[in-house]
Amino acid sequence: MFIKSISTIVAALCLSVSTSASATNSMLSSWYGGYFHGRTTANGETYDMYGLTAAHKTLPFGTKLRVCYQGCVDVRINDRGPYIGSRELDLSFGAASAIGLIKPGVDYVSVSHI
């Protein structure tokens with residue numbers, strides 16, 4: 001019984017390490033720009049379409065992510081959204097431009113917490 005309990009604990013620890021915040025996930029992402037430039041974001045900041053920020057429905061404001069497509073960029077969550085279909089992340093124009101997502105507009109990107 002004791003050995004079974006220890007093996008269960010070890011298995012749980014291994015699982016928590018393998019699913020840590022640094023794990024890479026794929027998210028359907030888009031970008032937003034001109035129409036929102038200068039407007040107030042959900043956290044009260046003024047949206048700068050040339051900044052390196054992003055919107056997510058549930059991640060806490062201030063969360064930092066590394067987003068990769070054709071290149072990689074580090075962004076900070078400062079807004080809520082996207083609210084179209086199954087999209088999970090909305091990048092600022094500046095962030096989308098830095099990774100090459102402008103032309104396709106919507107695609108899957110690799111995302112990891114930093």
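Sequence positions, counted from 1, serve as the residue numbers for this chain.
For R39 and E45, the salt-bridge test fails: no basic side-chain N is under 4.0 Å from an acidic carboxylate O.
Between the side chain of D79 and the backbone N or O of A42, at least one donor-acceptor pair lies under 3.5 Å. Without hydrogens or angle criteria, W31 side chain to I102 main chain gives a donor-acceptor distance under 3.5 Å. The backbone N or O of T53 sits less than 3.5 Å from a side-chain atom of S92, completing a donor-acceptor pair. Judged by distance alone, with hydrogens and angles left aside, the side-chain atoms of R80 form a donor-acceptor pair with the main-chain N or O of H56 at under 3.5 Å.
Here R76 contributes atom CZ and T63 contributes atom OG1; the two are 10.5 Å apart, rounded to the nearest 0.5 Å.
Residues V109 and Q70 form no side-chain contact, since every pair of their non-hydrogen atoms from C-beta on lies 4.5 Å or further apart.
Under the 4.5 Å side-chain heavy-atom criterion for ILVMFWY residues, no single connected hydrophobic cluster contains both L91 and V106. No chain of hydrophobic side-chain contacts below 4.5 Å, direct or via other Ile, Leu, Val, Met, Phe, Trp or Tyr residues, connects L28 to I77. Under the 4.5 Å side-chain heavy-atom criterion for grouping Ile, Leu, Val, Met, Phe, Trp and Tyr, L101 is not connected to Y108 through any hydrophobic cluster. Linking ILVMFWY residues whenever their side-chain heavy atoms come closer than 4.5 Å, directly or via other members, places Y35 and Y50 in the same cluster.
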| task | Go through the steps for D107 and Y69 under the test side-chain hydrogen bond (donor to acceptor under 3.5 Å, both in side chains), then give the verdict. | result | CA-CA 9 Å; D107 206 345; Y69 187 63; 2.6 Å; yes
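Atom NZ of K57 has more than 12 neighbouring heavy atoms from other residues, nucleotides or ligands inside a 6.0 Å radius.
Checking Y47 against N78 by side-chain atom types alone, no donor-acceptor pair falls below 3.5 Å.
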